[in-house]
Amino acid sequence: MKYWLMKSEPGTYSIDDLRLKPGGTDHWDGVRNYQARNFMRDEMKPGDRVLFYHSGKKPAVVGLATVTSEGYPDHTAWDPKSDHPDPKSSPENPIWYMVDIRFEEKYPSPILLSELRTQPGLKGMLLLKRGMRLSVQPVTKKEYDLIVKMAKPAS
DNA sequence: GCCAACGTTGGC
DNA sequence: GCCAACGTTGGC
């Protein structure tokens, strides 16, 4: 099983948007970056865990999701009416891929990026690297477990 | 709103 | 194939 972090601008697509879909499941369309595409097309598998991340005003991990499909062609790429069309992509020759994910949990209070930065255990996390803009990125199990633990109220 | 970092495009 | 110009991302 692998672990991932997926970024979204909440004004565009938030964790609540995912939560409110039928079955809490939706396809993650619109990724137009080759590295992120390769992760979805080649490496993501059903059952993989996802940290749902909001970028923007209050950058934070806001909850959890699960991958529910293999990578498959992103049909919005060849739909000229979609938000991110790419005329170079076609059903015969898809360039862009996506996966389906299912909502699992929304944290009562988001784990802010600034809090992640203070965690010694997260030194070296990809997300925290300067200039890191990848919208789909791998997370180690250690990092994932630590972040999940941060979300739990102290007991 | 600013700007650094990055990816892509296109002229040569 | 190089690289300058440009557009976008995303933290601050």
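So you know, we letter chains A, B, ... as the sequences are listed, proteins then strands, and number each from 1. Small disclaimer: the values here were computed from a predicted structure and weren't measured.
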Task: Sidechain N-carboxylate O distance under 4.0 Å for A:Arg32, A:Asp86 - done: no

- [ ] Output the distance between atom OH (A:Tyr53) and atom CD1 (A:Ile147), rounded to the nearest 0.5 Å.
- [x] 10.5 Å

Given atom [atom1] of [X] and atom [atom2] of [N], what is their separation to the nearest angstrom?
X	N	atom1	atom2	result
A:Leu113	C:dG10	CG	C1'	10 Å
A:Lys58	C:dC12	NZ	C1'	16 Å
A:Lys129	C:dG11	NZ	C1'	17 Å
A:Leu127	C:dG11	CG	P	7 Å
A:Leu116	C:dG10	CG	P	15 Å

Task: Members of residues 72-90 of chain A that approach DNA chain C, where some heavy atom sits under 4.0 Å away - done: none

Any donor-acceptor N/O pair, [X] side chain to [Y] backbone, under 3.5 Å:
X	Y	result
A:His54	A:Ile15	yes
A:Arg49	A:Ala65	no
A:Arg102	A:Asp26	no
A:Asn93	A:Ser90	no

Open item on the list: Suppose we call two aromatic rings close when their centres sit under 6.0 Å apart. Are A:Tyr97 and A:Trp28 close by that rule?
Closed with: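 For A:Tyr97 and A:Trp28, the ring centres are not under 6.0 Å apart.
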
- [ ] Name the nucleic acid region contacted by A:Arg117, choosing base, sugar-phosphate or nothing; use a 4.0 angstrom heavy-atom cut-off, strictly under.
- [x] sugar-phosphate

Side chains of residues 38-48 of chain A: which donor-acceptor partners sit under 3.5 Å, not counting sequence neighbours?
from    : atom 1 : to      : atom 2 : distance (Å)
A:Asn38 : OD1    : A:Arg41 : NH2    : 3.4
A:Asn38 : ND2    : A:Tyr34 : O      : 3.4
A:Lys45 : NZ     : A:Glu70 : OE1    : 3.2
A:Asp48 : OD1    : A:Lys2  : N      : 3.1
A:Asp48 : OD2    : A:Trp4  : NE1    : 3.0
A:Asp48 : OD2    : A:Lys45 : N      : 3.0

Open item on the list: Strictly under 4.0 angstrom, non-hydrogen atoms only: write out the protein contact profile of nucleotides 4-9 of chain C, one letter per nucleotide from the 5' end, B, S or -.
Closed with: ----BB

